[in-house]
Amino acid sequence: MNTSALQNTRIAIDRPYTFRVLLRLTKPGVTLLLVFTAVTTAVAASGPWLDPFQLFFLALTGGMAAGGAGAINHYLEKDIDRQMPRTAGRPLPSGALQNPLLALLWGAGLAGAGLFLSLLTLPLETTLFTALGIVIYVPIYTMLLKRRSVLNVVIGGAAGACPVLAGWSIARVDWPILPIALALVVFFWTPAHFWAFAIRHRADYASGGFPMLPNVIGVRRTLPVLFIHALFAVLASVVALQGVALLMAATSGAVFLASCLLLWRRPSETLAYNVFKTSNYYLMLVFLGLLLG
């Protein structure tokens, strides 16, 4: 086999591998969750007048924007990711992606294309909420707060609330209590979710130098603050919902709060991780209830 044939074979092998690496940079799990909250809120706002064209572009552009922001986050935190065992296997610190600049260009290009496509296909308010989410997540949360303040994930919760507001805005121009309550669910859920995760991974965050609340004030002093945020999230979810959606939010919320109380009573990494997992199910069930209701 000549040199040219070998190069062609290598390109054929590298292309799908590179795509998988680029896909990992978009944080698919987080991105899908954000798209899910946006789409379910849009369905709740639209009712029987749902426009499938707009719903498709809401999911597509929101996914592009969130995925692009995630890739930029990978680029900005590549140095710290090398210091933490939990994140050392990510594409940049592990060397799976050799050129860090590619991650930045991929993220900026994906997010920029998502915003541009949103501007062409969706209401202006939807694009503005999507852009606001990127601004809060990248320069405010990642660049300014995450390495400097215990308020990092609290303010970061506002970025997670933006897809909810974007989803509502594709169908409605009025702002009743429902979309505000749903946005508050995500806002208060975020710190409780990540503080539980931080308790499980205190050593990692200490290695990275992140001022997560459990590392700064200790686990026991963090737990009542975690519970209060979880309580506010559950209260917000039951204030505006009704019927099946209310039943699902109240039931899953009770389980979520019970797991938080158990952790508060018996602090441990195992129970903290249980709170982390339970919080994921809670959030998904709240927004799934919008569809079933």
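Owing to the predicted nature of the structure, the values given are computational and were not obtained by experimental measurement.
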Any Thr87 side-chain heavy atom under 4.5 Å of Glu77 side chain: no
Within the 6.0 Å centroid threshold, strictly below: Phe197 and His201: yes
Between Ser259 and Asn274, a side-chain donor and acceptor under 3.5 Å: no
Euclidean distance, Cys260 SG relative to Leu226 CG, rounded to 0.5 Å: 5.0 Å
Within-4.5 Å side-chain heavy-atom neighbours: Pro139 and Val135: yes
Phe129 vs Trp175, ring-ring contact (aromatic ring centres under 6.0 Å, His included): CA-CA, chis, key distance, verdict: CA-CA 14 Å; Phe129 280 125; Trp175 290 92; 5.7 Å; yes
Check: Phe188 and Ile228 side chains under 4.5 Å, non-hydrogen atoms: no
Thr26 and His74, any side-chain heavy atoms less than 4.5 Å apart: no
Short side-chain to backbone donor-acceptor contact, Tyr282 and Ala233, under 3.5 Å: yes
Nearest heavy atoms of Thr130 and Ala65, plus distance in Å: CG2-CB, 3.5 Å
Met248 backbone acceptor or donor facing Thr251 side chain under 3.5 Å: no
Donor-acceptor contact present, side-chain Trp189 to main-chain Gly157, <3.5 Å: no
Transitive ILVMFWY side-chain link Leu271 to Leu261, under 4.5 Å: yes
Val186 side chain near Thr190 side chain, heavy-atom distance below 4.5 Å: yes
Pairwise side-chain contact, Ile80 with Arg147, heavy-atom cut-off 4.5 Å (strictly under): yes
Within 45° cone of Tyr273 ring axis and under 6.0 Å: Lys277 NZ or CZ: no
Over-ring placement of Arg148 relative to Phe210, 6.0 Å and 45° cut-offs: no
Residues Leu290, Leu182; criterion side-chain contact (heavy atoms from CB on, under 4.5 Å); working and verdict: CA-CA 10 Å; Leu290 291 176; Leu182 292 173; 3.6 Å; yes
Any Cys162 side-chain heavy atom under 4.5 Å of Ile136 side chain: yes
Distance (rounded to the nearest 0.5 Å) between His193 NE2 and Phe276 CZ: 4.0 Å
Contact summary for Val138 and Ile72, nearest pair of heavy atoms: CG1-CG2, 3.8 Å
Cluster link Leu124 to Phe57, ILVMFWY, side chain under 4.5 Å: no
Pair Leu241-Leu178, side-chain contact (heavy atoms from CB on, under 4.5 Å): steps then yes or no: CA-CA 7 Å; Leu241 298 176; Leu178 179 58; 3.6 Å; yes
Distance (rounded to the nearest 0.5 Å) between Leu110 CG and Trp106 CH2: 5.0 Å
More than 12 heavy atoms from other groups under 6.0 Å of CD on Gln83: yes
Nearest heavy-atom neighbours spanning Tyr141 and Asn152: CD1-O, 3.1 Å
Approximate separation, where rounding is to 0.5 Å, of Ser237 OG and Leu246 CG: 8.0 Å
Pair His229 + Trp195: ring centers closer than 6.0 Å: yes
Cluster overlap Val238 with Val286, hydrophobic side-chain contacts below 4.5 Å: yes
Worked check of side-chain contact (heavy atoms from CB on, under 4.5 Å) between Trp264 and Arg220: CA-CA 7 Å; Trp264 190 355; Arg220 289 194 175 275; over 6 Å; no
N/O donor-acceptor pair under 3.5 Å between Asp81 side chain and Pro93 backbone: no
Within one Ile-Leu-Val-Met-Phe-Trp-Tyr cluster: Leu247 and Val255, side-chain cutoff 4.5 Å: no
Connected via hydrophobic side-chain network under 4.5 Å: Leu291 and Leu34: no
Working for side-chain contact (heavy atoms from CB on, under 4.5 Å), residues Leu76 and Leu104: CA-CA 8 Å; Leu76 292 172; Leu104 178 61; 5.9 Å; no
Minimum-distance pair of heavy atoms, taken over all atoms of Pro100 and Leu92: CA-CD2, 3.7 Å
Heavy-atom closest pair, residues Leu58 and Ala38: CD2-O, 3.6 Å
Salt-bridge present (Glu269, Arg202; N to O < 4.0 Å): no
Separation between CG of Leu25 and CZ of Arg90, rounded to the nearest 0.5 Å: 10.0 Å
Heavy-atom pair of closest approach, residues Leu285 and Ser252: CD1-CB, 3.7 Å
Thr142 side chain vs Asn73 backbone, donor-acceptor pair below 3.5 Å: no
Nearest-0.5 Å distance, OG1 of residue Thr37 to CG of residue Leu288: 13.0 Å
Side-chain heavy-atom pair Ile134, Leu115 within 4.5 angstrom cut-off: yes
